[in-house]
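Just below is one structure, and these are the notes that go with it.
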Amino acid sequence: MGRRDPRVDDYLATLPGWQQDLAAELREVIHEADPGIEETIKRTRLPYFTCEGNVCAILGARDHLNLFVYDPIAPDPDGLINQGQGNATARSIQFREGEVVRREPLATLLRAVVANNRAGGWRSLTRRP
């Protein structure tokens, strides 16, 4: 399993209870998606998950939890992405209290992001003829 960062624990501890539980589950899925994914903190305090580039980030909001997916071209055949479909660099999945994490579709999406990162990143992949 990729490297875990205790600063991510510190951030998650600041979230409301239901967001803490959901973030813990997302964190499990993220690490299950690829053993090379590592945790870090960027933008002063936000948990990022990386593997040869950004994969995703978790951000708590007032009434939902965001999972930012840093790849606008990774396929999402299961329709998990519910925000930012037209964004040039990232899309997101907003989770609300009581929602169930669709673990396997999410892991599949994250594996596609990692595969694109390992192939040079989505930016270089979109420049190829």
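The shortest distance between side-chain heavy atoms of V101 and L22 falls below 4.5 Å. Contact annotation: the side chain of R4 approaches that of H31 to within less than 4.5 Å [non-hydrogen atoms, C-beta and beyond]. Residues L125 and I73 meet the side-chain proximity criterion, which asks for heavy atoms closer than 4.5 Å. Contact check for C56 versus L110: side-chain heavy atoms found under the 4.5 Å cut-off. Contact annotation: the side chain of L106 approaches that of L67 to within less than 4.5 Å [non-hydrogen atoms, C-beta and beyond]. By the 4.5 Å heavy-atom criterion applied to side chains, F68 and S92 are counted as neighbours. A heavy-atom distance below 4.5 Å is found between the side chains of T89 and W122. Considering only heavy atoms from C-beta on, I58 stays 4.5 Å or farther from N66 through its side chain.
Across S124 and G121, no two heavy atoms sit closer than the pair OG-O, 3.0 Å. Across every non-hydrogen atom of A33 and A107, the tightest pair is CB-O, 3.8 Å. In terms of heavy atoms, L15 sits closest to G60 at CD2-CA, 3.8 Å. For A88 against P72, the heavy-atom pair with the smallest separation is O-CG, 3.3 Å. Heavy atoms only, all atoms of each residue included: L65 and L26 are closest at CD2-CD1, 3.8 Å. Here the closest non-hydrogen pair linking L12 and R27 is CD1-NH1, 3.9 Å.
With sequence neighbours left out, Y48 forms a ring-ring contact (aromatic ring centres under 6.0 Å, His included) with Y70. Applying the side chain to side chain contact (heavy atoms under 4.5 Å, CB included) rule to P6 yields the partners D9; only residues at least two apart in sequence or on another chain are considered. Among residues two or more places apart in sequence or in another chain, the side-chain hydrogen bond (donor to acceptor under 3.5 Å, both in side chains) test is passed with R118 by D34. Under the side-chain hydrogen bond (donor to acceptor under 3.5 Å, both in side chains) criterion, R111 pairs with E104, sequence neighbours left out. Here R103 pairs with E25, E28, E32 under the salt bridge (Lys or Arg N to Asp or Glu O under 4.0 Å) rule; sequence neighbours left out.
Under the side-chain hydrogen bond (donor to acceptor under 3.5 Å, both in side chains) criterion, no residue pair touches residues 10-20, with sequence neighbours excluded. Evaluation of the side-chain hydrogen bond (donor to acceptor under 3.5 Å, both in side chains) test over residues 49-61, restricted to residues two or more places apart or in two chains, returns K42-N54. Residue pairs meeting the side-chain hydrogen bond (donor to acceptor under 3.5 Å, both in side chains) criterion with at least one partner in residues 71-84, sequence neighbours excluded, are D71-N116. Screening residues 88-100 for salt bridge (charged side-chain N to carboxylate O under 4.0 Å, His left out), with sequence neighbours left out, gives D63-R96.
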Notebook entry, point to check: Would I30 and V55 count as a side-chain contact (heavy atoms from CB on, under 4.5 Å) if you check the C-alpha gap in whole Å, the side-chain angles of each, and the deciding distance to 0.1 Å?
Noted result: CA-CA 9 Å; I30 292 163; V55 175; 5.6 Å; no

Item checked: Stepwise side-chain contact (heavy atoms from CB on, under 4.5 Å) check, L109 with I93 -> CA-CA 11 Å; L109 173 62; I93 304 168; 4.2 Å; yes

Notebook entry, point to check: Would I41 and V8 satisfy side-chain contact (heavy atoms from CB on, under 4.5 Å), going step by step from the backbone distance to the final call?
Noted result: CA-CA 7 Å; I41 295 292; V8 172; 4.0 Å; yes

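Within the model, atoms CZ of F95 and CZ of R102 stand 9.5 Å from one another, a figure rounded to the nearest 0.5 Å. For the atom pair CZ of F49 and OG1 of T40, the computed distance is 10.0 Å after rounding to the nearest 0.5 Å.
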